[in-house]
Amino acid sequence: MTRRYASEILPLIGPDQDIPAPDVYTDSQTMAWIMDTYSMMKGHTIPGVVTGKPISIGGSLGRRKPRRAAWCLWWKKHAS
């Protein structure tokens with residue numbers, strides 16, 4: 001499903017256009033699939049098309065931790 005979605009939004013995304021980022025219920029694997037699909041359609045690897053991809057394919061250190069930390073802070077504030 002993710003690869004099909006990526007192929008449909010291909011004309012709307014890119015390193016010089018709109019760069020998708022992970023959101024609720026997406027993770028680094030999802031972002032890797034989007035990057036891979038985009039890259040296959042363009043004929044070469046384009047890591048700059050998404051953020052939140054695994055470190056092994058050009059992702060950034062610390063991407064997951066801040067999102068989780070922000071969620072925990074929000075939860076502590078609003079859950080009580």
Side-chain angles (χ1 to χ4, degrees):
M1 186 184 309
T2 299
R3 288 185 181 277
R4 177 58 187 255
Y5 175 74
S7 67
E8 294 295 324
I9 65 168
L10 190 115
L12 306 173
I13 64 173
D16 299 319
Q17 296 183 77
D18 193 10
I19 301 173
D23 202 348
V24 178
Y25 301 116
T26 57
D27 58 11
S28 61
Q29 179 61 62
T30 304
M31 302 317 291
W33 287 328
I34 294 172
M35 185 195 97
D36 184 57
T37 303
Y38 184 90
S39 296
M40 286 190 309
M41 301 296 243
K42 296 295 183 178
H44 62 283
T45 303
I46 306 174
V49 71
V50 297
T51 65
K53 58 196 160 291
I55 294 166
S56 62
I57 59 170
S60 300
L61 290 171
R63 175 74 178 157
R64 291 176 50 152
K65 188 175 180 180
R67 189 166 22 138
R68 286 186 182 156
W71 167 250
C72 289
L73 290 173
W74 180 90
W75 183 254
K76 283 181 181 179
K77 181 178 179 181
H78 296 357
S80 47

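Everything numeric in this text was worked out from a predicted model, so none of it was measured.
- Contact annotation: the side chain of Thr51 approaches that of Pro22 to within less than 4.5 Å [non-hydrogen atoms, C-beta and beyond].
- Side chains of Asp36 and Ser39: a donor-acceptor N/O pair is absent below 3.5 angstrom, by distance only.
- The hydrophobic clustering, which links ILVMFWY residues whose side-chain heavy atoms are closer than 4.5 Å, places Tyr5 and Trp33 apart.
- Hydrophobic clustering (side-chain heavy atoms under 4.5 Å, transitive across Ile, Leu, Val, Met, Phe, Trp, Tyr) keeps Ile55 apart from Ile19.
- Nearest heavy-atom pair, Pro54 versus Ala32, reported as atom, atom and distance to 0.1 Å: CD-CB, 3.8 Å.
- Follow the hydrophobic side-chain contacts under 4.5 Å out from Ile57 and you reach Val49 in the same cluster.
- Interatomic distance, CE of Met40 versus CE of Met35, reported as 10.5 Å (0.5 Å rounding).
- Distance check: Asp23 CG to Thr30 OG1 gives 11.0 Å after rounding to the nearest 0.5 Å.
- Inter-residue side-chain proximity for Asp18 and Ile9 is flagged as unmet; no heavy-atom pair is nearer than 4.5 Å.
- Tested against Tyr38 for a side-chain contact (heavy atoms from CB on, under 4.5 Å), the candidates Thr45, Val50, Leu10 yield a single pass: Leu10.
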